[in-house]
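For reference, the structure discussed in these notes is given below.
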Amino acid sequence: MKILITNDDGIYSPGIAALAKVAKRFGEVRIVAPDVEQSSMGHAVTHSRPLSFKASPINFEGIEAYRVNGTPADCVALGTHLYAKTDVVLSGINMGPNLGNGMWHSGTLAAAKQAVLLGIKGIALSTPVGKSEPNFPAFENYVEMVLQLLLEKPGLSLFNVNFPPLPKGIRWTRQSVRLYDGKIVPGTDPMNRKHYWFTVTPLEPAEEGTDRWAVENDFVSITPLRLDLTNEAELQAALNSQS
(Lines give C-alpha, C1' and ligand atoms only; values in the text may rest on other atoms or scores of the structure.)
Protein backbone atom coordinates (compact mmCIF):
# COMPACT_ATOMS: atom_id res chain seq x y z
CA MET A 1 0.00 0.00 0.00
CA LYS A 2 1.25 3.48 -0.92
CA ILE A 3 0.46 5.98 1.85
CA LEU A 4 0.74 9.76 1.68
CA ILE A 5 0.88 11.56 5.04
CA THR A 6 0.24 15.25 5.63
CA ASN A 7 -1.12 17.51 8.39
CA ASP A 8 -1.97 21.12 9.21
CA ASP A 9 0.47 21.54 12.11
CA GLY A 10 3.46 21.57 9.78
CA ILE A 11 6.43 19.36 9.03
CA TYR A 12 7.95 19.94 12.49
CA SER A 13 4.97 18.55 14.43
CA PRO A 14 5.62 15.46 16.58
CA GLY A 15 2.16 14.25 15.57
CA ILE A 16 3.15 13.61 11.97
CA ALA A 17 6.21 11.66 13.10
CA ALA A 18 4.05 9.54 15.42
CA LEU A 19 1.63 8.76 12.59
CA ALA A 20 4.40 7.94 10.12
CA LYS A 21 5.95 5.52 12.62
CA VAL A 22 2.74 3.47 12.75
CA ALA A 23 1.81 3.87 9.07
CA LYS A 24 5.12 2.28 8.00
CA ARG A 25 3.74 -1.03 9.27
CA PHE A 26 1.12 -0.95 6.52
CA GLY A 27 3.07 0.04 3.44
CA GLU A 28 5.32 2.55 1.71
CA VAL A 29 5.03 5.98 3.31
CA ARG A 30 5.79 9.41 1.91
CA ILE A 31 5.29 12.73 3.71
CA VAL A 32 4.26 16.01 2.07
CA ALA A 33 3.36 18.60 4.72
CA PRO A 34 3.16 22.39 5.14
CA ASP A 35 6.39 24.18 5.90
CA VAL A 36 4.65 26.20 8.67
CA GLU A 37 1.60 25.65 10.83
CA GLN A 38 -1.71 25.88 8.94
CA SER A 39 -4.18 25.12 11.74
CA SER A 40 -7.83 26.10 11.12
CA MET A 41 -6.99 26.78 7.49
CA GLY A 42 -10.00 24.77 6.36
CA HIS A 43 -10.11 23.75 2.71
CA ALA A 44 -8.19 26.73 1.39
CA VAL A 45 -6.22 26.16 -1.81
CA THR A 46 -3.48 28.35 -3.29
CA HIS A 47 -4.19 29.74 -6.76
CA SER A 48 -2.52 33.16 -6.82
CA ARG A 49 1.10 31.98 -6.66
CA PRO A 50 3.06 28.84 -7.53
CA LEU A 51 3.77 26.14 -4.98
CA SER A 52 7.21 24.77 -4.29
CA PHE A 53 8.48 21.89 -2.20
CA LYS A 54 11.78 21.22 -0.49
CA ALA A 55 13.29 18.26 1.27
CA SER A 56 12.22 18.04 4.90
CA PRO A 57 14.71 19.31 7.50
CA ILE A 58 13.35 16.58 9.79
CA ASN A 59 14.63 13.03 9.42
CA PHE A 60 11.77 10.53 9.37
CA GLU A 61 13.93 7.39 9.50
CA GLY A 62 14.09 6.42 5.87
CA ILE A 63 10.80 8.03 4.79
CA GLU A 64 10.91 10.39 1.82
CA ALA A 65 9.56 13.70 3.17
CA TYR A 66 8.99 17.20 1.80
CA ARG A 67 7.72 20.56 3.03
CA VAL A 68 5.43 22.76 0.92
CA ASN A 69 4.76 26.49 1.04
CA GLY A 70 1.03 25.91 0.97
CA THR A 71 -2.07 24.65 2.75
CA PRO A 72 -2.94 21.09 3.81
CA ALA A 73 -5.17 20.73 0.73
CA ASP A 74 -2.30 22.00 -1.44
CA CYS A 75 -0.01 19.35 0.05
CA VAL A 76 -2.44 16.56 -0.89
CA ALA A 77 -2.94 17.90 -4.42
CA LEU A 78 0.81 18.21 -4.95
CA GLY A 79 1.68 14.98 -3.14
CA THR A 80 -0.75 12.88 -5.14
CA HIS A 81 0.52 14.51 -8.34
CA LEU A 82 4.10 13.56 -7.49
CA TYR A 83 3.06 10.08 -6.31
CA ALA A 84 0.28 9.23 -8.74
CA LYS A 85 -0.38 5.73 -7.36
CA THR A 86 -1.24 6.85 -3.82
CA ASP A 87 -3.75 4.47 -2.21
CA VAL A 88 -4.67 6.48 0.90
CA VAL A 89 -4.01 9.89 2.46
CA LEU A 90 -3.54 10.11 6.23
CA SER A 91 -3.75 13.55 7.81
CA GLY A 92 -2.44 14.13 11.35
CA ILE A 93 -2.01 13.28 14.07
CA ASN A 94 -3.35 16.77 14.77
CA MET A 95 -2.34 18.57 17.95
CA GLY A 96 -5.88 19.35 19.10
CA PRO A 97 -9.26 17.68 18.56
CA ASN A 98 -11.40 18.01 15.45
CA LEU A 99 -14.84 17.27 16.83
CA GLY A 100 -18.38 18.39 16.10
CA ASN A 101 -18.65 21.75 14.40
CA GLY A 102 -14.86 22.11 14.56
CA MET A 103 -14.78 19.95 11.44
CA TRP A 104 -15.91 22.94 9.37
CA HIS A 105 -12.63 24.84 9.75
CA SER A 106 -10.23 21.93 10.27
CA GLY A 107 -7.19 21.92 7.99
CA THR A 108 -6.53 18.35 9.10
CA LEU A 109 -9.89 17.13 7.87
CA ALA A 110 -9.64 19.31 4.73
CA ALA A 111 -6.55 17.37 3.66
CA ALA A 112 -8.48 14.10 3.94
CA LYS A 113 -11.42 15.65 2.05
CA GLN A 114 -9.06 16.78 -0.70
CA ALA A 115 -7.93 13.18 -1.08
CA VAL A 116 -11.51 12.01 -1.54
CA LEU A 117 -12.15 14.77 -4.08
CA LEU A 118 -9.24 13.28 -6.02
CA GLY A 119 -10.64 9.76 -5.78
CA ILE A 120 -8.41 8.54 -2.91
CA LYS A 121 -9.43 7.33 0.55
CA GLY A 122 -8.87 10.02 3.21
CA ILE A 123 -8.45 9.58 6.96
CA ALA A 124 -8.02 12.49 9.40
CA LEU A 125 -6.58 11.76 12.86
CA SER A 126 -6.50 14.11 15.86
CA THR A 127 -6.02 14.19 19.64
CA PRO A 128 -6.61 16.79 22.36
CA VAL A 129 -3.67 18.84 23.59
CA GLY A 130 -3.13 20.55 26.94
CA LYS A 131 -0.25 22.52 28.38
CA SER A 132 2.18 19.89 27.13
CA GLU A 133 2.23 17.97 23.85
CA PRO A 134 0.25 14.72 23.64
CA ASN A 135 1.83 11.49 24.85
CA PHE A 136 1.65 9.76 21.47
CA PRO A 137 3.20 6.44 22.66
CA ALA A 138 0.34 6.11 25.18
CA PHE A 139 -2.19 5.47 22.38
CA GLU A 140 0.09 4.18 19.62
CA ASN A 141 -1.57 0.75 19.78
CA TYR A 142 -4.94 2.36 19.10
CA VAL A 143 -3.54 4.24 16.12
CA GLU A 144 -2.45 0.88 14.71
CA MET A 145 -5.85 -0.69 15.44
CA VAL A 146 -7.70 2.17 13.73
CA LEU A 147 -5.48 2.02 10.65
CA GLN A 148 -5.88 -1.76 10.48
CA LEU A 149 -9.65 -1.34 10.60
CA LEU A 150 -10.00 1.54 8.11
CA LEU A 151 -7.32 0.62 5.59
CA GLU A 152 -8.98 -2.75 5.06
CA LYS A 153 -12.34 -1.17 4.19
CA PRO A 154 -12.87 -1.22 0.41
CA GLY A 155 -14.02 1.70 -1.68
CA LEU A 156 -13.70 5.46 -1.59
CA SER A 157 -14.37 6.75 1.90
CA LEU A 158 -13.68 9.60 4.33
CA PHE A 159 -13.16 9.14 8.06
CA ASN A 160 -12.58 11.55 10.94
CA VAL A 161 -10.80 9.94 13.91
CA ASN A 162 -10.15 11.44 17.35
CA PHE A 163 -8.04 9.81 20.08
CA PRO A 164 -8.44 10.59 23.79
CA PRO A 165 -5.17 10.70 25.77
CA LEU A 166 -5.74 7.24 27.30
CA PRO A 167 -8.26 5.26 25.21
CA LYS A 168 -10.27 2.38 26.65
CA GLY A 169 -11.94 1.35 23.41
CA ILE A 170 -13.16 2.39 19.97
CA ARG A 171 -16.61 3.70 19.04
CA TRP A 172 -18.24 4.43 15.70
CA THR A 173 -19.86 7.84 16.09
CA ARG A 174 -21.79 10.58 14.37
CA GLN A 175 -20.80 14.24 14.27
CA SER A 176 -21.91 16.29 17.25
CA VAL A 177 -24.06 19.13 15.96
CA ARG A 178 -24.77 20.87 19.25
CA LEU A 179 -24.47 24.59 18.76
CA TYR A 180 -21.26 26.47 19.53
CA ASP A 181 -21.08 30.10 20.54
CA GLY A 182 -18.43 32.04 18.63
CA LYS A 183 -16.63 34.03 21.30
CA ILE A 184 -14.20 36.94 20.93
CA VAL A 185 -11.73 37.42 23.78
CA PRO A 186 -10.11 40.90 23.80
CA GLY A 187 -6.64 41.58 25.13
CA THR A 188 -3.59 43.80 24.76
CA ASP A 189 -0.07 43.08 23.56
CA PRO A 190 3.15 44.20 25.33
CA MET A 191 2.91 47.53 23.49
CA ASN A 192 -0.59 48.05 24.94
CA ARG A 193 -2.20 47.62 21.54
CA LYS A 194 -5.58 45.93 21.36
CA HIS A 195 -5.87 42.47 19.88
CA TYR A 196 -8.54 39.77 19.83
CA TRP A 197 -8.65 35.98 20.07
CA PHE A 198 -11.45 33.98 18.49
CA THR A 199 -12.57 30.93 20.45
CA VAL A 200 -15.63 28.71 20.81
CA THR A 201 -17.63 27.57 23.79
CA PRO A 202 -19.94 24.52 23.74
CA LEU A 203 -23.46 25.60 24.68
CA GLU A 204 -24.84 22.13 25.40
CA PRO A 205 -23.43 18.79 26.59
CA ALA A 206 -22.54 16.22 23.97
CA GLU A 207 -25.11 13.58 23.06
CA GLU A 208 -24.22 9.94 23.58
CA GLY A 209 -23.13 8.36 20.31
CA THR A 210 -21.43 11.51 19.04
CA ASP A 211 -17.73 12.13 18.48
CA ARG A 212 -17.50 14.62 21.36
CA TRP A 213 -19.20 12.21 23.76
CA ALA A 214 -16.83 9.38 22.80
CA VAL A 215 -13.64 11.34 23.37
CA GLU A 216 -14.97 12.88 26.60
CA ASN A 217 -15.58 9.32 27.81
CA ASP A 218 -12.14 8.01 26.77
CA PHE A 219 -13.15 6.23 23.58
CA VAL A 220 -11.51 6.61 20.18
CA SER A 221 -14.11 8.20 17.91
CA ILE A 222 -14.41 7.13 14.27
CA THR A 223 -16.91 9.17 12.26
CA PRO A 224 -17.63 8.23 8.64
CA LEU A 225 -18.27 11.37 6.58
CA ARG A 226 -19.45 12.28 3.10
CA LEU A 227 -18.83 15.25 0.81
CA ASP A 228 -22.50 15.70 -0.16
CA LEU A 229 -23.89 18.42 2.16
CA THR A 230 -27.41 18.26 0.73
CA ASN A 231 -30.19 18.48 3.34
CA GLU A 232 -32.22 15.61 1.92
CA ALA A 233 -35.31 16.21 4.09
CA GLU A 234 -35.45 19.90 3.20
CA LEU A 235 -34.93 19.14 -0.47
CA GLN A 236 -37.67 16.51 -0.50
CA ALA A 237 -40.08 18.86 1.25
CA ALA A 238 -39.37 21.55 -1.36
CA LEU A 239 -39.86 19.07 -4.22
CA ASN A 240 -43.12 17.84 -2.71
CA SER A 241 -44.41 21.41 -2.45
CA GLN A 242 -43.77 21.88 -6.17
CA SER A 243 -45.82 18.88 -7.20
Side-chain angles (χ1 to χ4, degrees), residues 6-8 38-48 71-77 80 88-92 94 96-128 146 149-151 153-164 170-185 196-217 219-243:
T6 191
N7 68 358
D8 73 357
Q38 299 279 343
S39 294
S40 297
M41 182 58 67
H43 209 124
V45 293
T46 302
H47 68 86
S48 58
T71 68
D74 290 337
C75 291
V76 174
T80 55
V88 62
V89 172
L90 306 179
S91 181
N94 190 63
N98 281 302
L99 299 165
N101 290 332
M103 292 185 197
W104 287 96
H105 55 74
S106 168
T108 304
L109 181 56
K113 289 190 295 179
Q114 181 66 34
V116 177
L117 286 171
L118 296 172
I120 301 168
K121 180 183 291 187
I123 304 172
L125 307 101
S126 307
T127 191
V146 166
L149 175 65
L150 298 185
L151 293 179
K153 285 189 171 295
L156 181 62
S157 47
L158 174 64
F159 299 101
N160 187 45
V161 182
N162 283 269
F163 298 90
I170 298 174
R171 291 289 186 272
W172 286 93
T173 60
R174 66 183 185 277
Q175 180 185 7
S176 174
V177 292
R178 296 292 178 131
L179 296 177
Y180 274 63
D181 183 21
K183 181 180 179 182
I184 298 295
V185 180
Y196 301 89
W197 286 95
F198 179 82
T199 186
V200 291
T201 305
L203 298 180
E204 302 175 65
E207 297 175 285
E208 186 170 350
T210 65
D211 51 5
R212 281 179 54 213
W213 178 90
V215 172
E216 289 170 3
N217 287 275
F219 292 103
V220 178
S221 165
I222 304 178
T223 306
L225 302 174
R226 65 179 186 177
L227 298 182
D228 183 358
L229 300 178
T230 305
N231 184 331
E232 300 289 354
E234 188 74 22
L235 174 60
Q236 190 60 54
L239 292 172
N240 291 341
S241 69
Q242 291 177 352
S243 58

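Keep in mind it's a predicted model, so treat the numbers as computed, not measured.
For the residue pair Pro128 and Pro164, the shortest heavy atom distance occurs at CD-CA, 4.4 Å. Nearest approach of Ser126 to Thr108, heavy atoms of both residues: OG-CG2, 4.1 Å. Taking every heavy atom of both residues into account, Phe163 and Val146 meet most closely at CE2-CG2, 3.9 Å. Heavy atoms only, all atoms of each residue included: Ala206 and Thr210 are closest at CB-OG1, 3.9 Å. Summarising the geometry of Gln175 relative to Gly100, their closest heavy-atom pair is NE2-O, 2.9 Å, with the distance given to 0.1 Å. Nearest heavy-atom pair, Thr71 versus Val45, reported as atom, atom and distance to 0.1 Å: OG1-CA, 4.1 Å.
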So Leu117 and His43, side-chain contact (heavy atoms from CB on, under 4.5 Å) or not? Walk me through it. CA-CA 11 Å; Leu117 286 171; His43 209 124; 3.8 Å; yes
Does Gln114 form a side-chain contact (heavy atoms from CB on, under 4.5 Å) with Val89? I'd like the steps, not just the answer. CA-CA 9 Å; Gln114 181 66 34; Val89 172; over 6 Å; no
Does the pair Leu109 and Leu158 meet the rule for a side-chain contact (heavy atoms from CB on, under 4.5 Å), with working shown? CA-CA 9 Å; Leu109 181 56; Leu158 174 64; 4.3 Å; yes
Taking it one step at a time, do Leu225 and Met103 satisfy side-chain contact (heavy atoms from CB on, under 4.5 Å)? CA-CA 10 Å; Leu225 302 174; Met103 292 185 197; 4.0 Å; yes
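Not counting sequence neighbours, the partners of Thr230 by the side-chain hydrogen bond (donor to acceptor under 3.5 Å, both in side chains) test are Asp228. Scanning for side-chain hydrogen bond (donor to acceptor under 3.5 Å, both in side chains) contacts around Gln236 gives Asn240, with sequence neighbours left out. The salt bridge (Lys or Arg N to Asp or Glu O under 4.0 Å) search around Glu204 returns Arg178, not counting sequence neighbours. With sequence neighbours left out, Pro205 forms a side-chain contact (heavy atoms from CB on, under 4.5 Å) with no residue at all. Partners of Thr46 under the side-chain hydrogen bond (donor to acceptor under 3.5 Å, both in side chains) rule, at least two apart in sequence or in another chain, are Asp74. Among residues two or more places apart in sequence or in another chain, the side-chain hydrogen bond (donor to acceptor under 3.5 Å, both in side chains) test is passed with Asn7 by none.
In this structure, Asn162 CG and Asp211 CG are separated by 6.5 Å, a value rounded to the nearest 0.5 Å. Between Ile123 atom CD1 and Asn160 atom CG the span is 11.0 Å, to the nearest 0.5 Å. Expressed to the nearest 0.5 Å, how far CG of Asp8 lies from CG of Asn94 amounts to 4.5 Å. Here Lys153 contributes atom NZ and Lys121 contributes atom NZ; the two are 8.0 Å apart, rounded to the nearest 0.5 Å.
Here the side chains of Leu149 and Trp172 are in contact, with some heavy-atom distance below 4.5 Å. Counting only heavy atoms from C-beta outward, the side chains of Gln242 and Leu239 approach each other to under 4.5 Å.
Using a 30° and 60° split on the angle between ring planes, Phe219 and Trp213 fall in the parallel class, below 30°.
No more than 12 heavy-atom neighbours from other residues, nucleotides or ligands sit within 6.0 angstrom of CD on Glu234.
Screening Thr223, Leu90, Leu150, Thr173 for a side chain to side chain contact (heavy atoms under 4.5 Å, CB included) involving Val161 leaves a single residue, Leu150.
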